[in-house]
> 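I'd like to ask some things about the structure below.
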Amino acid sequence: AERVHGLAAAPGLPRVAALFQVRNQGLAVQNFLYGHHMANLSPTALHPNELLDGALVNGHFRNGTKTPTLLYTHHPLVATLYERHGRDLTFAGVILTRGHWETQDLKERTAELTAQLALVLGLDGVLLNQEGTGNSTIDYMLTVQALQRVGVRAVAMVHEYGGPEGVDPPLIDFVPEADALVSIGGIDRRVLASPVERVIGGDVVVQHGRPALAEQDVPLQELYAATAALTARGWRAADF
């Protein structure tokens, strides 16, 4: 049988890849691919197992908008594509791109190189996942646009803003070609967390200065890995 990055391909089924746009804003806000920072990364194709084996490590401190390394190694997007591989699609691999480029030219360059890589891989569709917010969303939408323009179907997961009540504009950026967006929830929605008896790491919550032992009324994006967790399936709160 034909092989696709080590996976046995099924002729006649659409070839689909997972795309992970990771955040890179410099020191302390960056990811590492095989131990090296990704400041100058061009779009790169990986076997899905490389992601599951820990090739990508998250090394930044911005907890609300980071994707923990653990989630990369157990990502539901990869798991779902593996489950469907050979049944209704061919899982053609993982594409890794950098987000949060400093200039418009660099953002457009990465988007166009991603579309070119998708054509080289013979892809019919790409499922996109984003780390970060704001600036990174521009890179993300440009990538969706570039893929769509070369005929590769792009389906993107997006977290929304919208304000605490969900009535404000939900997206930082948008392109007309983005006609298949999957909302993963609003990160401005507020969460009321009950008081706790013990806190490790300090007496005050840095973001807003409230006592750490007190009840916390915070936007979802202040919780650890909130935007990443919104994309995961089957997660639940548990007592330990």
Side-chain angles (χ1 to χ4, degrees), residues 18-26 28-31 56 58-80 96-101 107 126-145 154-175 178-196 199 201 204-210 212 214-238:
L19 182 146
F20 290 87
Q21 179 184 295
V22 302
R23 193 172 191 169
N24 193 99
Q25 288 180 248
V29 187
Q30 56 193 327
N31 287 260
L56 181 61
N58 193 307
H60 71 71
F61 71 92
R62 295 195 173 178
N63 291 345
T65 57
K66 75 177 292 180
T67 302
T69 303
L70 178 65
L71 183 54
Y72 281 137
T73 62
H74 297 78
H75 205 283
L77 182 56
V78 174
T80 299
L96 194 62
T97 70
R98 176 201 157 171
H100 209 104
W101 286 100
K107 293 175 184 296
V126 176
L127 303 180
L128 295 91
N129 182 75
Q130 174 193 11
E131 180 190 39
T133 60
N135 188 327
S136 296
T137 305
I138 300 172
D139 307 64
Y140 196 58
M141 287 296 176
L142 286 172
T143 301
V144 171
Q145 184 180 64
V155 178
M157 293 181 285
V158 292
H159 55 261
E160 300 182 37
Y161 284 85
E165 304 301 323
V167 296
D168 297 334
L171 297 178
I172 294 293
D173 191 27
F174 178 76
V175 295
D179 60 0
L181 299 180
V182 179
S183 173
I184 54 175
I187 63 174
D188 283 340
R189 303 302 177 90
R190 301 195 72 83
V191 176
L192 189 63
S194 301
V196 295
V199 171
V204 175
V205 179
V206 174
Q207 288 95 326
H208 44 65
R210 297 193 192 98
E215 181 180 75
Q216 306 295 326
D217 181 3
V218 296
L220 188 65
Q221 63 181 314
E222 288 190 14
L223 302 180
Y224 179 78
T227 59
L230 285 169
T231 71
R233 71 173 180 191
W235 284 31
R236 65 184 186 277

> Look only at the side chain of Thr80 and the backbone of Leu77, and say whether a donor-acceptor pair between them is shorter than 3.5 Å.
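Pair absent, no side-chain N/O of Thr80 close to backbone of Leu77.
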> Between Thr133 and Ile172, does a side chain to side chain contact (heavy atoms under 4.5 Å, CB included) hold up when you go through it step by step?
CA-CA 8 Å; Thr133 60; Ile172 294 293; 5.9 Å; no
> Measure the spacing between CG of Asp168 and OH of Tyr161 and express it to the nearest 0.5 Å.
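Nearest 0.5 Å value for the CG-OH distance: 12.5 Å.
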> Distance-only, no hydrogens or angles: does the Asn24 side chain make a donor-acceptor pair with backbone N or O of Trp101 under 3.5 Å?
no
> Any side-chain heavy-atom pair from Val22 and Thr67 closer than 4.5 angstrom?
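No, their side chains stay 4.5 Å or more apart.
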> For Val144 and Ala156, work out which heavy atoms get closest and say how close.
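Shortest heavy-atom separation between Val144 and Ala156 comes out as CG2-CB, 3.9 Å.
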> To the nearest 0.5 Å, what is the distance between CZ (Arg189) and CD (Glu165)?
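Going from the CZ atom of Arg189 to the CD atom of Glu165 covers 7.5 Å.
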> Side chains of Ser136 and Gln130: any donor to acceptor distance under 3.5 Å?
no
> Side chains of Thr137 and Leu171, heavy atoms from C-beta outward: is any pair under 4.5 Å?
no
> Taking the side chain as everything from C-beta on, heavy atoms only, tell me whether Asp173 gets closer than 4.5 Å to Tyr140.
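They are not in contact (no side-chain heavy atoms under 4.5 Å apart), so the answer is no.
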> Mind checking the CD-CD spacing from Gln30 to Gln25? Nearest 0.5 Å is all I need.
10.5 Å
> So among Gln21, His60, Lys66, His100, which one has a side chain to side chain donor-acceptor pair (under 3.5 Å) with Glu131?
His60
> In Å and rounded to the nearest 0.5 Å, what is the CG to CG distance from Leu127 to Leu19?
9.5 Å
> Can any side-chain N or O of Asp217 pair as donor or acceptor with the backbone N or O of Arg190 at less than 3.5 Å?
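No, Asp217 side chain to Arg190 backbone: no donor-acceptor pair under 3.5 Å.
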> Would you compute the distance between atom OG1 of Thr69 and atom CG of Asn31 and round it to the nearest 0.5 angstrom?
7.5 Å
> Could you measure the distance from the CZ atom of Phe20 to the CG atom of Leu96? Nearest 0.5 Å is fine.
9.0 Å
> Does the side chain of Val158 reach to within under 4.5 Å of the side chain of Met141, using non-hydrogen atoms?
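Answer yes - side chains close enough.
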> Please report the shortest heavy-atom distance between Ala180 and Ala154, naming the atom on each side.
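Smallest heavy-atom distance, with atoms named: CB-O, 3.8 Å.
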> Of the non-hydrogen atoms in Pro76 and Leu71, which two are nearest, and what is the gap between them?
CD-CD1, 3.9 Å
> Using atom types as modelled and distance alone, determine if a side-chain donor or acceptor of Tyr72 lies under 3.5 Å from a backbone N or O of Asn58.
no
> Can you see which heavy atom on Val126 is nearest to which on Leu128, and at what distance?
O-CD1, 3.6 Å
